[in-house]
Amino acid sequence: MANKDHNPEPVEEPGDGEEVRPEGEGSEANASGPAPQDGQDDELTVDDILGAAQNADAAAEDAVLADLESQLLNDLKRLQAEYANYRRRTEEQREVEIERAQGAVAKGILPVLDDLDRAEKHGDLEEGSAFAAIADKLRGVAERIGLTTYGAAGDAFDPQQHEAIFQVPTPGATETTILEVVETGYRLGSVELRPAKVVVAVPAE
């Protein structure tokens, strides 16, 4: 057999200045770009910017909610104060209405009490008699409903409480005082039902 020369294909040697690239590296490997340098990690991303905007919106919303909560709290306090004042006025009005109703009843028995006073002055209320027993019961009812009398001989005259029907100049008197009670004055609680009609002593000229 004749020997034939086997000439392998010539291997291209890298020329001067050419970079020998490892297998697997090419244009695609270089497409990723250079490696990040120090300091580039601090740059803001889109997510960071969106997150900052959301945080600002959340802070503004929290401020609005806090302001609304403060307004609602103030409204609640005002309503509580108004309700407390309403209850106080209602209670006061109720007490006034009760006293007024009791006063209407008491005024109806004042003439009877006046008759009893006159009968007592004339000696008609003998102790142990049926008439005296009725008088005691009626006066007990008047006391239970809160009816009180005022005006007595020797008291200082008060034009706000007493009605002077006669004045007697009295030597030595230094102030106007009650000499005699002609008609007893009556009160029911703080309500004056009738002033006392009195004869008063006045300083003599």
Side-chain angles (χ1 to χ4, degrees), residues 66-205:
D67 184 60
L68 180 60
E69 182 180 358
S70 178
Q71 292 179 4
L72 291 176
L73 182 60
N74 291 335
D75 291 342
L76 178 60
K77 290 180 179 180
R78 188 185 71 254
L79 288 175
Q80 288 176 335
E82 290 178 354
Y83 179 67
N85 291 333
Y86 168 76
R87 288 191 60 183
R88 178 180 54 80
R89 290 193 302 268
T90 301
E91 289 296 325
E92 291 176 354
Q93 186 64 28
R94 187 176 68 87
E95 293 177 0
V96 169
E97 291 298 330
I98 291 175
E99 289 184 353
R100 187 173 298 171
Q102 291 176 337
V105 174
K107 282 185 176 180
I109 65 175
L110 291 186
V112 181
L113 295 175
D114 291 337
D115 291 339
L116 293 178
D117 289 340
R118 285 189 284 267
E120 188 174 23
K121 289 178 180 178
H122 286 85
D124 296 333
L125 297 181
E126 296 181 3
E127 186 176 355
S129 65
F131 196 18
I134 294 173
D136 290 340
K137 288 182 180 180
L138 186 57
R139 286 170 173 167
V141 170
E143 184 178 352
R144 281 195 297 274
I145 66 175
L147 195 64
T148 57
T149 63
Y150 67 94
D155 290 347
F157 175 75
D158 184 354
Q160 299 296 325
Q161 302 180 22
H162 309 126
E163 180 181 345
I165 60 175
F166 193 74
Q167 294 182 354
V168 178
T170 304
T174 58
E175 62 179 358
T176 304
T177 57
I178 299 174
L179 285 177
E180 181 184 355
V181 178
V182 177
E183 191 173 77
T184 304
Y186 286 95
R187 289 195 191 94
L188 185 65
S190 59
V191 179
E192 183 179 284
L193 299 179
R194 188 181 71 186
K197 295 181 180 180
V198 296
V199 177
V200 296
V202 296
E205 295 181 357

Enter the distance from Thr176:OG1 to Asp158:CG here, rounded to the nearest 0.5 Å. 11.0 Å
Test your reading of the model: is there a side-chain donor-acceptor pair from Thr90 to the backbone of Tyr86, 3.5 Å cut-off? yes
Is Glu97 atom CD crowded by more than 12 heavy atoms from other residues, nucleotides or ligands, each under 6.0 Å away? yes
Kindly check if the number of other-residue, nucleotide or ligand heavy atoms within 6.0 Å of CD (Glu127) is above 12? no
Restricting to side chain to side chain contact (heavy atoms under 4.5 Å, CB included), what partner residues turn up for Val181, sequence neighbours left out? Ile178, Thr184, Val198
Partners passing side chain to side chain contact (heavy atoms under 4.5 Å, CB included) against Tyr150 (at least two apart in sequence or in another chain): Gln161, His162, Arg187, Glu192, Pro195, Ala196
One should read off an interatomic distance between Asp115 CG and Ile109 CD1, to the nearest 0.5 angstrom, of 12.0 Å
Just how far is it from atom CZ of Arg194 to atom OG1 of Thr149, taken to the nearest 0.5 Å? 10.5 Å
Test side chain to side chain contact (heavy atoms under 4.5 Å, CB included) on Leu147 and Leu113; report intermediate values, then the result. CA-CA 11 Å; Leu147 195 64; Leu113 295 175; 3.7 Å; yes
For residues 75-85, which side-chain N or O atoms pair as donor and acceptor with protein atoms under 3.5 Å away, sequence neighbours left out?
| unit_1 | atom_1 | unit_2 | atom_2 | d |
| --- | --- | --- | --- | --- |
| Asp75 | OD1 | Arg78 | NH1 | 2.9 |
| Asn85 | ND2 | Ala81 | O | 3.2 |

Specify the closest pair of heavy atoms between Pro169 and Gln167, including all atoms of both residues, with the distance to one decimal. CD-O, 3.8 Å
Can you tell me how far CG of Asp114 sits from CZ of Arg118, rounded to the nearest 0.5 angstrom? 5.5 Å
Taking atom CD1 of Ile98 and atom CD1 of Ile145, what is their separation to the nearest 0.5 Å? 13.5 Å
For the pair Arg139 and Glu143, find out whether any cationic side-chain nitrogen is under 4.0 Å from an anionic carboxylate oxygen. no
If you measure from CD1 on Ile134 to CG on Leu125, what distance do you get to the nearest 0.5 Å? 10.0 Å
In plain terms, say whether Glu91 and Arg94 are close enough for a salt bridge, that is, a side-chain N and a carboxylate O under 4.0 Å apart. yes
